[in-house]
2 protein chains.
Amino acid sequence: MKRMKKKVTIHDIARMANVSAATVSRVLSNSDYPVSQSLREKILKIAAETNYVPNLLGKQLKKNTSTTIGVVVPSIVNPFYSSVILGIEQTARQRKYTVITCNSMHDPELESEYIRMLMEKQVKGLIIASIANDGGMFKQLADMGIHVIAIDQRVDAEGISKIDFDFVKGGQMATRHLIDKGHRRIAYLTARMDRPSRRSIFRGYQEAMKEAGLEPILVEANADDDHNPLSDFDTGRALARKLLAAKVQATAVFTCNDMLAIGVINELSSRNIRVPEEISVMGFDGIDVGQMIHPPLTTIKQPDYEMGKMACTMLLNMMNNENNHQFEIILQPKLIERQSVVSRGGHSETSGR
Amino acid sequence: MKRMKKKVTIHDIARMANVSAATVSRVLSNSDYPVSQSLREKILKIAAETNYVPNLLGKQLKKNTSTTIGVVVPSIVNPFYSSVILGIEQTARQRKYTVITCNSMHDPELESEYIRMLMEKQVKGLIIASIANDGGMFKQLADMGIHVIAIDQRVDAEGISKIDFDFVKGGQMATRHLIDKGHRRIAYLTARMDRPSRRSIFRGYQEAMKEAGLEPILVEANADDDHNPLSDFDTGRALARKLLAAKVQATAVFTCNDMLAIGVINELSSRNIRVPEEISVMGFDGIDVGQMIHPPLTTIKQPDYEMGKMACTMLLNMMNNENNHQFEIILQPKLIERQSVVSRGGHSETSGR
DNA sequence: GATGTGACAGAAATCGATTACTGTATATGC
DNA sequence: GCATATACAGTAATCGATTTCTGTCACATC
């Protein structure tokens, strides 16, 4: 067994420099408490020579602070969330914070378990893409002085700051684009609508269809678990089959997320139905994969990386100033036009007939 | 400003139960030290009623342990690494460990910065997909009693446990498959070979070509940064153009990773060169996206999720038993045959002429 | 009835930092 | 020349747990 060199502490350095631990602490933590130049240099020198690494546990215990923030998302394998996390992580790093990532896999119990672990670790900030969590949890977090920001999944708890995305407007925007392109029979294909976001997109779709005097066509999946990106892909394929079987003669489909759209395109192509010539496909998310397939996916961009960056920035501000204003930021959708949607029939603006 | 309820500590509970903190600790931490049944229940009851959440900082400071492990990867947005991390995170959770993820973005300085932060946070275990790190860092980690496992990127430091992937064999396997399919003019397209893994794949390719008496064709990119999955996609497209310009008449290409392969297919398709009819494409990685494109990508599977699982399991074992045997696990490649590679010319086994 | 033993509880030290106090010497003001 | 401020260093308490050491009973043993 290898002998491990005893870790050097602030007291070791104090002893070597013939000073008190207090003085060492003042030097090493850049306190503005005055320490004579000679001592300061001596201590710094010894610290460097001994490879001193401060023990944050001690520091944080005393000061009741923490430089780690918790992040809970459904699954990191979902490219949308991995972008969000990258955004969070990179801005956290710049401020010397560290990120603990947790994958709830859409399991409320797991989510609670993680939150408890994070509380025990004394995190003071939490960013959460929560699923169906009752407000109770958030109350307790607030009581413990933990700042939390909810992202993406609209959570109905009161008194909690959020960064949302305007799903309704996104749904409208997508649908209107298809309508502008001359489509009349537009289907909305969606995974199970057990999530507020999906219901919101659907609402946007409905509103846009209604205002154009068109009949909504809904094709919904029965089951759904997207902890695995492939499952969305597969439900996309299934939904495409369902659509075809329904014989609704849609000339365009709009899906609740890109992965689903990609599945749809895949299924359609493999049945020799040409996209977009025979059926146009509009996605929702704007993940990178969308531009790697053929045809490149027209979609609604939900700013993922930026959302992470913003959430982290806001969180750190909340934690450091006592700026406890509750807020809600609503990010706006953006249409990314690529090649999976094509014009149909008459002019763009004026509908035929 | 909202008043925050003071956090309840073990002393609070002790006071409420008229016992000493020692007794409370013994009950709450399931020590085998005997405590009378009546007291035990009383304490448990109070702890539950007060929503007591233990402060791990205190515990860990005293016991000099830690239940968080650090993970450093180039970038979480790379689907390969996000799978690895999911594997790590899920097995960590089962043992009540928590994961801090760090994205080094292929920057050695950032990597060092992260490692330092992790040391300060007193992590006792570290899984790292390192780039070009000198052995010095690892020495220091060992000195501090931190267990580390290197994954994926072969690191040349002595005395460190690793989980590797047999890149050479993977390269051979891919190349032989193409040869078996009757291809003779097979090009290896690669991002800049600044990473051991890519050189190893290339070596496998060379060996397989040589044993078949074929001439290697190398097409290498000039620059490369893959903190962004799109950049690999783009270099793939660039490499395809370079290949075409070189007029080497390859009937098959083998790329150093899937994302690159997808870029190649994309570029080829957009130039109306049909894959696989005119050019077969073989990838390397086995990420999910491979099966979403057209044609589905034939590739070499590098077990990502399993690699993460395995790394975490081994690490936790190392940390808990004093089982300090150094080890090296080499994961074996597996060929996934999909539709981007097609037979060419004569029989599979016997070469024409 | 002396002794040994095990069950049980508390006091106090400890982990590695920070910081409120206390104390001393030097400098400054008038 | 005396009061006061300032620079500087150390002592000791503290954060929230764990754990070693003591100590007290109660009970069994011979």
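Counted within 6.0 Å of CD on A:Glu109, heavy atoms from surrounding residues, nucleotides or ligands total 12 or fewer; the atom is thus considered open. The number of heavy-atom neighbours closer than 6.0 Å to CE of B:Met119, taken from other residues, nucleotides and ligands shown, is above 12.
Inter-residue side-chain proximity for A:Ile329 and A:Met314 is flagged as met; some heavy-atom pair is nearer than 4.5 Å. B:Val72 places a side-chain heavy atom less than 4.5 Å from the side chain of B:Leu118. At a threshold of 4.5 Å between non-hydrogen side-chain atoms, the residues B:Ile128 and B:Ile149 do not count as touching. With a 4.5 Å cut-off on side-chain heavy atoms, A:Leu57 and A:Leu61 do not count as touching. Looking at heavy atoms from C-beta onward, A:Thr101 lies in side-chain contact with A:Val99 at the 4.5 angstrom threshold. Looking at heavy atoms from C-beta onward, B:Pro74 lies in side-chain contact with B:Tyr81 at the 4.5 angstrom threshold. In this structure, B:Arg15 and B:Asp12 have side chains that are in contact, with non-hydrogen atoms separated by less than 4.5 Å. Under the 4.5 Å side-chain criterion, counting only non-hydrogen atoms from C-beta, B:Asn103 is in contact with A:Leu86.
In this structure, the CD1 atom of A:Ile10 is 13 Å from the P atom of D:dG10, given to the nearest Å. Atom OH in A:Tyr33 sits about 13 Å away from atom P in C:dC21, given to the nearest Å. Atom pair A:Ile43:CD1 and D:dG10:P shows a separation of 8 Å (rounding to whole Å applied). Going from atom CG of B:Leu28 over to atom P of D:dT18 covers 8 Å, rounded to whole Å. Summarising the geometry, the separation between NE2 on B:His11 and C1' on D:dA13 is reported as 13 Å, rounded to the nearest angstrom. Residue B:Arg26 contributes atom CZ, which lies 8 Å from atom P of C:dG10 at whole-angstrom precision. Straight-line distance from the CD atom of A:Gln60 to the P atom of D:dA17: 15 Å, rounded to whole Å. Remark: P of C:dG16 and NZ of B:Lys59 are 18 Å apart, rounded to the nearest angstrom.
Non-hydrogen atoms lying under 4.0 Å from DNA chain D are contributed by B:Tyr52, all within residues 44-53 of chain B.
End-to-end axis angle of the helix from C:dG1-D:dC30 to C:dC30-D:dG1, from C1' rotation axes over five pairs per end: 40° (rounded to 10 degrees).
Counting non-hydrogen atoms under 4.0 angstrom, B:Asn18 reaches the backbone sugars and phosphates but no base. Using a 4.0 Å heavy-atom distance criterion, A:Ser29 is classed as a sugar-phosphate-only contact. Nucleic acid contact for B:Leu56: none, since no nucleic acid atom lies under 4.0 Å from a heavy atom of the residue.
Each of C:dT18, D:dT20, D:dG10 was ranked by its minimum atom distance to the side chain of A:Ser25; first place goes to C:dT18.
Where B:Val19 and A:Val24 meet DNA chain C, the nucleotide closest to each residue was compared, and B:Val19 sits on the side nearer the 5' end.
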Do any N or O atoms of the protein come closer than 3.5 Å to N or O atoms of nucleotides 4-6 of chain D, and which pairs are they?
none

Tabulate protein N/O versus nucleotide N/O from nucleotides 24-27 of chain C, keeping only pairs under 3.5 Å, one per line.
none

Can you check nucleotides 12-15 of chain C for protein contacts, nitrogen or oxygen pairs under 3.5 Å, and list what you find?
residue, atom, partner, partner atom, Å
C:dC15, O2, B:Lys62, N, 3.2

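In this structure, B:Ser20 does not reach the C:dA9 phosphate: none of its side-chain N or O atoms is under 4.0 Å from OP1 or OP2. The phosphate of D:dA9 has OP1 or OP2 within less than 4.0 Å of a side-chain N or O from A:Ser36.
Shown here are the side chain to side chain contact (heavy atoms under 4.5 Å, CB included) partners of A:Leu44, two or more places apart in sequence or in another chain: A:Val27, A:Leu28, A:Arg40. For B:Thr65, the side chain to side chain contact (heavy atoms under 4.5 Å, CB included) test picks out B:Gln60, B:Lys63, with sequence neighbours left out. Shown here are the side chain to side chain contact (heavy atoms under 4.5 Å, CB included) partners of B:Thr68, two or more places apart in sequence or in another chain: A:Lys121, B:Ser66, B:Thr98, B:Ile100, B:Val123. By the side chain to side chain contact (heavy atoms under 4.5 Å, CB included) test, B:Glu120 is found to be paired with A:Val53, A:Pro54, A:Leu56, B:Arg116, residues two or more places apart in sequence or in another chain being considered.
Applying the salt bridge (Lys or Arg N to Asp or Glu O under 4.0 Å) test to every pair with at least one member in residues 44-61 of chain B, sequence neighbours left out, gives these pairs: B:Lys45-B:Glu49. Listed by first and then second residue, the salt bridge (Lys or Arg N to Asp or Glu O under 4.0 Å) pairs that reach into residues 84-95 of chain A are A:Arg93-B:Glu113, sequence neighbours excluded. The side chain to side chain donor-acceptor pair (under 3.5 Å) pairs that include a residue from residues 16-31 of chain A are A:Ser20-A:Thr23, where partners are two or more places apart or lie in different chains.
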